[in-house]
Protein chains: 2
Amino acid sequence: MPLRLSRSEAKARTRKRLLSAAAEVFAEQGFAGASVDEIAFRAGHTVGALYSHFAGKNELFLTLFDERVSHPLDHVGEIASQWEGDETTFAAFGAYLAGVADHHTVRSTLEMEFLRYALTRPELLDRLAARWWAPRAAVARLVAPHCGGHDPALVATAIIGLFEGLVMQRRVDRAAVPPQLFTESLRWLMAGLARTPVRPADPLPEPR
Amino acid sequence: MPLRLSRSEAKARTRKRLLSAAAEVFAEQGFAGASVDEIAFRAGHTVGALYSHFAGKNELFLTLFDERVSHPLDHVGEIASQWEGDETTFAAFGAYLAGVADHHTVRSTLEMEFLRYALTRPELLDRLAARWWAPRAAVARLVAPHCGGHDPALVATAIIGLFEGLVMQRRVDRAAVPPQLFTESLRWLMAGLARTPVRPADPLPEPR
DNA sequence: GTCTATAGGACGATAGAC
DNA sequence: GTCTATCGTCCTATAGAC
């Protein structure tokens, strides 16, 4: 590893710093509230550098949307490879997600801002929806053997919903959501699958 | 009911319109992105009217925070009064929350924006946390008889988390979260409570 | 109480030096 | 590729007419 960075390495480093700073500021201030000046400043640069890497504030935001915000549950694959439906895996899964709630705060706040931003932009909402397929499928594969006949995709959606909702509540009030609840509630849900009769899929048409 | 409004009635109506318009614009554009001009315009007034009712944009936002955004789960009391742990109640609860996901969109988006806004303002975060006590307690009372020894407060937190997470996913992708899933996943969770051994409360100290 | 007009400031984006 | 300086725009908030 050379002491001095090559031109392209320096450029890549600048870009990376800008993206990290942008993630922070967008999360804290929202899209409209974030100023390109502050983003550049936090990255240790000025607007000039920012505009040489990105066409503008919008493109910077969308680049972040595409490149940087992998969903927390993307990493579920790491845990899936060891899954046995046993206590160890439950605990690992729960601990991992409690950690997400406490430490990946910029990422999850930024995800919220993407959602709000996308809600008024249909084409972005589609891309956001597509983003959830992979983690949902990963969780579905993980739990399929323990679904007791219920649709693994729906079980996965419920599990992801459960964790997203717990993460959200824990960010508001840590005391209300002890870390063990991530594990416990997953256990409750999985135990209930076996005890619940399987119903016909989608007996009602999608309303409206 | 008189045909012409009294002065104070007209004033109250203006205030209400301004608050409704503000809720929409804040939800769509975020706090910083919302302009007082657009809020006033959507309310059918001008900035002058707005500033005669509110000290400024910040106060308008905080007033909304205090007065208008009752959490969806506040209404859980209506259902709680009829709860028997039976299929009818499950279905009503699920249907109600699927409706929230589909129709109360401004409210839930605004809640998201409040959360992001509050995350960098500790005193607001405390008030937001306090906001969740009542619905959590209402759900806890609702499910207490069916908790099988588990802490009803924690069960309530899990249930609320589950629905918040499902609502969020449904707003991104309706097809992924059929309305019945609200009912089904609640059934799974409740059924699992009875089958899961009760663990000692909080065996681990709160980390960090 | 509500409107119109405007002051004062912040921001996104660009131009030109290095 | 990055910086400094600046232009034009949009926004919050206020002042004064009605």
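Just so it is clear: chains get the letters A, B, ... in the order the sequence lines come, proteins before strands, and each one is counted from 1. Atoms considered below: every heavy atom in the structure, side chains included; atoms not considered: hydrogens, waters and symmetry mates. Since the structure is predicted, the reported quantities are computational estimates derived from the model, not experimental observations.
- Of the listed nucleotides (C/dA5, D/dC3, D/dG1), C/dA5 has the atom at the smallest distance from the side chain of B/Val47.
- If you measure from atom CG of B/Leu50 to atom C1' of D/dA15, you get 17 Å, rounded to the nearest angstrom.
- Ranked by how close their nearest DNA chain C nucleotide is to the 5' end, B/Gly48 and A/Ala55 are led by B/Gly48.
- Taking atom CG of B/Asn58 as the reference point, atom P of D/dA13 lies 7 Å away to the nearest angstrom.
- In the helix from C/dG1-D/dC18 to C/dC18-D/dG1, the terminal helix axes, each the rotation mapping four pairs' C1' atoms onto the next four within five end pairs, subtend 0°, rounded to 10°.
- Side-chain contact between A/Lys11 and A/His53: present, with at least one pair of heavy atoms (C-beta onward) separated by less than 4.5 Å.
- Of all nucleotides listed (D/dA5, D/dT2, C/dT2), D/dT2 comes nearest to the side chain of A/His45.
- Contact annotation for A/Ala34: backbone-only contact, meaning every heavy-atom pair under 4.0 Å involves sugar-phosphate atoms and none involves a base.
- Atom CZ in B/Arg17 sits about 13 Å away from atom C1' in C/dT2, given to the nearest Å.
- If you take NE2 of A/His53 and C1' of C/dA13, they are 17 Å apart, rounded to a whole angstrom.
- Between the P atom of C/dT6 and the CG atom of B/Asp37 lies a distance of 15 Å, rounded to the nearest Å.
- When the P atom of C/dA10 is taken as reference, atom CD of A/Gln29 falls 14 Å away, rounded to whole Å.
- For the pair B/Ile159/B/Met190, a side-chain contact is recorded, criterion being any heavy-atom separation below 4.5 Å from C-beta on.
- Here the C1' atom of nucleotide D/dT12 and the CZ atom of B/Phe41 are 19 Å apart, to the nearest Å.
- Within the structure, a side-chain polar atom (N or O) of A/Thr14 is placed less than 4.0 Å from OP1 or OP2 of D/dT2.
- A cation-pi contact links A/Arg131 to A/Phe65, judged by a cut-off of 6.0 Å to the six-membered ring centre and 45° from its axis.
- When distances run from any side-chain atom of B/Ser35 to the nucleotides D/dT12, C/dG1, D/dT4, the shortest one goes to D/dT12.
- Comparing D/dT12, D/dT4, C/dT2 against the side chain of B/Ser52 picks out C/dT2 as the nearest.
- Using modelled atom types, one finds a donor on one side chain and an acceptor on the other under 3.5 Å when comparing A/Gln169 with B/Arg136.
- When all heavy atoms are compared, the tightest approach of B/Leu162 to B/Leu186 is CD2-N, 4.2 Å.
- For B/Phe54 and D/dA13, the CZ to P distance is 13 Å, given to the nearest whole Å.
- The A/Tyr51 side chain lies nearest to C/dT14 when the options are D/dA13, C/dT14, D/dC3.
- Between B/Tyr96 and B/His104, the ring-plane angle classifies as perpendicular under the 30° and 60° cut-offs.
- If you check the side chains of B/Arg171 and B/Ser108, you find a donor sitting under 3.5 Å from an acceptor.
- Comparing D/dG1, C/dT2, D/dT12 by their closest approach to the side chain of A/Lys11 singles out D/dG1.
- Under the 30°/60° scheme for interplanar angles, the aromatic rings of B/Phe114 and B/Phe61 are found to be tilted.
- Checking C/dG12, D/dG1, D/dC11 against the side-chain heavy atoms of A/Val36 singles out C/dG12 as nearest.
- In this structure, of C/dA13, D/dT2, D/dA13, it is C/dA13 that holds the atom nearest to the side chain of A/Lys57.
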